[in-house]
Amino acid sequence: MIHKKKSSGKFFVFSLLAAVAGFVASCASSGNVPANEVAEPVTSAESPSAVQQPTIAIAKAKTAYETKVVNDSNQVRIVEKPTMAALDFAAYHANPIRLAGKDERPENYKGVMESAAIAEYQFAMLESISADAPAAVAEASPIAWEPFAKILYAQTGSDSLGVLVGEIEAVKWNEPDVFRAFQTVTRLWGIAGNGENSGKVEWWVEVTPAFWTNRKPFYGKLKLASGGETLEVLNYYLTAEMNSEDAMNWARTLSSYWYPTLNTDLEQHNLGDVWVSDASSRPFAVMRGNPMGKPMWIAFEVPAFRMTDEDLWAKRKADSLMAAGEVIPVERSLDTNSAFRLETLASMENSCPANDGTKKFRETLLKKMEKLPKEQNSWEENGMLWFRRNANYLLADKISGQDSLHNPLPRMIELKQYLDSLNIQLLVVPVPVKEEVYADKLVEGTPTDLCVNVNGREFVREMLAAGIDVLDLYPALKAARSGDEPPRYSYQRYDTHWALPGMLAAMEVLATRVTQYSWYGESGAKPGSLVLKDTVTVRDGDLVAHLPDSEKSKYAADTLAAMKVFKGADPYKGGKNSPILLMGDSFTGVFESVDQKSGGPGSLLAYATGLDVQVATSWGGGPGIRSRMMKMQKDLSAKRLVIYMMTARDFWQSPMEWDKLR
């Protein structure tokens, strides 16, 4: 009987994911998406199409914020009106996490611009330049240009504003070898035009030179006037207020996009509760960043989201009562059958040997990276963007030979022993990096079938040999990329994460593995209880920010095929009683809690297996999720399986150390 249930579960996985794969292939070959799909931009606010026809009077919404400095590592940004414009400005403007390390003078900087008069400034994209703020912006609301330009592109398809502002930041003052930006646009204003530009929006900017240039901020008017659709988006951006749920989605999305550059994550914090670092603040979200080896925290507070002591007491009491009765413990037993693990272990023997081909690949890649400026963390090759940290992982030495704070092997063994003591199955799922799957595109001349990640593959084998159940995704992802239909790939072109074809290939082998556990047939699985719908999403590549300033404008947001899982009429989300906990880094959260949501690995796994899946994501990296899991003791009492999914690059020299379980 159990075998029969397991077999039907597998058939369900294969047949439905095959149908999904067919949808992706049809999208890729046509270059279009089905007519019933709805594009969902990155913003969490509603579409501005709901706004009434605008007048030329641009909203004067308050987008300024108040900063409370707690100490040299902690700040609170207080926003009175929770519009996206206000929150974005509070996040982007003068943020110490974003500015860390940028005050140091570049070694190859010659100081050419320091003697230039303002009249000699080389900004052809500006109609006028002045040392003082123009009267035109005195009553206008400043906004952060980067997030607004992305939203404008997503809503209108126009990237003119972003390209022009990007050109300002790319000016190098005849010193092209200096990688760091000489200046940044710190404020943007949209002003109602007059004269021949009447009925349009004119754009003004504040430009702040880098600290090491010894120049003061200056102001300019862009050679650009935008039409009515842009005005509609701008008005909505300035005036539409978020509720607390919208604001939390905004914080999650921001943290996920900044993670590769700034090592950001959201701290565990109850919305509107007292912040542990400052008892007088009650933020809705707390972001931690660690771009230079020193952690910093920015808390975002909206007065309307604060909770009184009375409300907090009532909420804590309610949460306590709910926590006591909400999670239903399950009786469980481990599947101790080693057949799958030993089969995987055997398949990896000599599957990625060091040879002349891998030696040539490593030497060529190392030379390529040595030519990059030391501050440049991504580059373009063959139509894709590549990440320096991923490439470093391909050049890794023996991974289990790292020091005790960076060696993941004893930490994985420790985690397995802990979960074994609770009779909870552990399945480790390392996600191969894009550079490993597309090595032939990364280094020209590399055979498509050459396994280049010798030490990374050996570490997977070591985990298996140590008795850890590991799902090897590499063969499935290599097979998936063979079906690529450019410009649709198994990994996103401008991002570190997989695209839908790669994710589906991974979920097929993951779902199949789950159905093979001996307890699956008695787990109460209900295949067919969820609904899968086609959609698309717009995503800005997280690698674009690492490029030289002059190249960033070449890479617009990608429109990606996606899936969305529903339970009835509502987007799917697994609860605390889910028998599976999927935990890890951004690979568990992308498409799940950001972008179109409810279409990431957790939702797809629940759809394919018929088992609920709870997802826990650490945007700051896979090593950080272990301590969060330890705080979920009540939730763990309902779990049969913990799936630990994370990018394999963090096995090598992770910026987040592998602390012991607490």
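These numbers come from the heavy atoms of this one structure, side chains and all, not from hydrogens, waters or symmetry mates. Bear in mind that the values here come from a model prediction, so they are computed numbers and not experimental data.
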Establish, from distance only, whether the side-chain atoms of [X] and [Y] form a donor-acceptor pair under 3.5 Å.
{"X": "Y257", "Y": "D495", "answer": "no"}
{"X": "T617", "Y": "T588", "answer": "yes"}
{"X": "D472", "Y": "T344", "answer": "no"}
{"X": "Y237", "Y": "D88", "answer": "yes"}
{"X": "N249", "Y": "R252", "answer": "yes"}
{"X": "Q425", "Y": "D469", "answer": "no"}
{"X": "Y494", "Y": "D540", "answer": "no"}
{"X": "E592", "Y": "S603", "answer": "yes"}
{"X": "T448", "Y": "D440", "answer": "no"}
{"X": "E169", "Y": "W145", "answer": "yes"}
{"X": "D558", "Y": "Y489", "answer": "no"}

Lys/Arg-Asp/Glu bridge criterion (N-O < 4.0 Å) met for D534, K564: no
Worked verdict on L477 versus Y491 for side chain to side chain contact (heavy atoms under 4.5 Å, CB included): CA-CA 9 Å; L477 289 168; Y491 280 70; 3.4 Å; yes
For E380, side chain to side chain contact (heavy atoms under 4.5 Å, CB included) partners two or more places apart: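 Only L385, Y555 meet the side chain to side chain contact (heavy atoms under 4.5 Å, CB included) criterion with E380.
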Aromatic ring pairing W258/Y92, orientation class (parallel under 30°, perpendicular over 60°, tilted between):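 Ring orientation of W258 relative to Y92: perpendicular.
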Between [X] and [Y] (side chain of the first, backbone of the second, donor and acceptor by atom type, cut-off under 3.5 Å), is there such a pair?
{"X": "D159", "Y": "G162", "value": "no"}
{"X": "T83", "Y": "T239", "value": "no"}
{"X": "R77", "Y": "A90", "value": "yes"}
{"X": "T156", "Y": "S158", "value": "yes"}
{"X": "D612", "Y": "N577", "value": "no"}
{"X": "Y153", "Y": "L161", "value": "no"}
{"X": "Q596", "Y": "F591", "value": "yes"}
{"X": "N382", "Y": "K441", "value": "yes"}
{"X": "N95", "Y": "I97", "value": "yes"}
{"X": "K533", "Y": "M563", "value": "no"}

Within 45° of the six-membered ring axis of [Y] and under 6.0 Å from that ring's centre, is NZ or CZ of [X] located there?
{"X": "R388", "Y": "Y393", "value": "no"}
{"X": "K434", "Y": "W386", "value": "yes"}
{"X": "R513", "Y": "Y517", "value": "yes"}

Taking every non-hydrogen atom, the tightest pair across [X] and [Y]:
{"X": "Y644", "Y": "L415", "value": "CD1-CD2, 3.4 Å"}
{"X": "S593", "Y": "W619", "value": "OG-CZ2, 3.4 Å"}
{"X": "S255", "Y": "L266", "value": "OG-N, 3.7 Å"}
{"X": "A480", "Y": "A505", "value": "CB-CB, 3.7 Å"}
{"X": "S244", "Y": "L271", "value": "CB-CD1, 3.5 Å"}
{"X": "L581", "Y": "M632", "value": "CD1-CE, 3.9 Å"}

If you define the side chain from C-beta out and look only at heavy atoms, does anything of [X] sit under 4.5 Å from [Y]?
{"X": "L560", "Y": "Q492", "value": "yes"}
{"X": "S490", "Y": "V437", "value": "no"}
{"X": "L504", "Y": "W498", "value": "no"}
{"X": "P432", "Y": "Y474", "value": "yes"}
{"X": "F148", "Y": "L234", "value": "yes"}
{"X": "L636", "Y": "M629", "value": "yes"}
{"X": "V590", "Y": "S256", "value": "no"}

Between atom [atom1] of [X] and atom [atom2] of [Y], what is the distance when rounded to the nearest 0.5 Å?
{"X": "M583", "Y": "R626", "atom1": "CE", "atom2": "CZ", "value": "8.0 Å"}
{"X": "L164", "Y": "S553", "atom1": "CG", "atom2": "OG", "value": "9.5 Å"}
{"X": "L188", "Y": "F89", "atom1": "CG", "atom2": "CZ", "value": "10.0 Å"}
{"X": "D542", "Y": "T261", "atom1": "CG", "atom2": "OG1", "value": "7.5 Å"}
{"X": "L394", "Y": "L442", "atom1": "CG", "atom2": "CG", "value": "7.0 Å"}
{"X": "M656", "Y": "N263", "atom1": "CE", "atom2": "CG", "value": "7.5 Å"}

Is the [atom1] atom of [X] crowded by more than 12 outside heavy atoms at less than 6.0 Å?
{"X": "K552", "atom1": "NZ", "answer": "yes"}
{"X": "E245", "atom1": "CD", "answer": "no"}
{"X": "K150", "atom1": "NZ", "answer": "yes"}

T647 vs D585, side-chain hydrogen bond (donor to acceptor under 3.5 Å, both in side chains): CA-CA, chis, key distance, verdict: CA-CA 7 Å; T647 176; D585 63 7; 5.0 Å; no
Candidate list S618, P408, S654, test side-chain contact (heavy atoms from CB on, under 4.5 Å), partner P623, passing option: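 So the option named by the test is S654.
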Verdict with reasoning, R649 to T496, per side chain to side chain contact (heavy atoms under 4.5 Å, CB included): CA-CA 11 Å; R649 72 165 174 261; T496 55; 4.2 Å; yes
Audit row: F387, H546, ring pair (Phe, Tyr, Trp, His ring centres under 6.0 Å) steps and yes/no: CA-CA 8 Å; F387 191 28; H546 298 270; 5.2 Å; yes
Pair L471-I643, side chain to side chain contact (heavy atoms under 4.5 Å, CB included): steps then yes or no: CA-CA 10 Å; L471 187 69; I643 301 172; over 6 Å; no
Verdict with supporting geometry, M646 and I625, side chain to side chain contact (heavy atoms under 4.5 Å, CB included): CA-CA 10 Å; M646 58 175 283; I625 197 63; over 6 Å; no
Ring-ring centroid check F459 W652, cutoff 6.0 Å: no
F587 ring center within less than 6.0 Å of H497 ring center: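 Yes.
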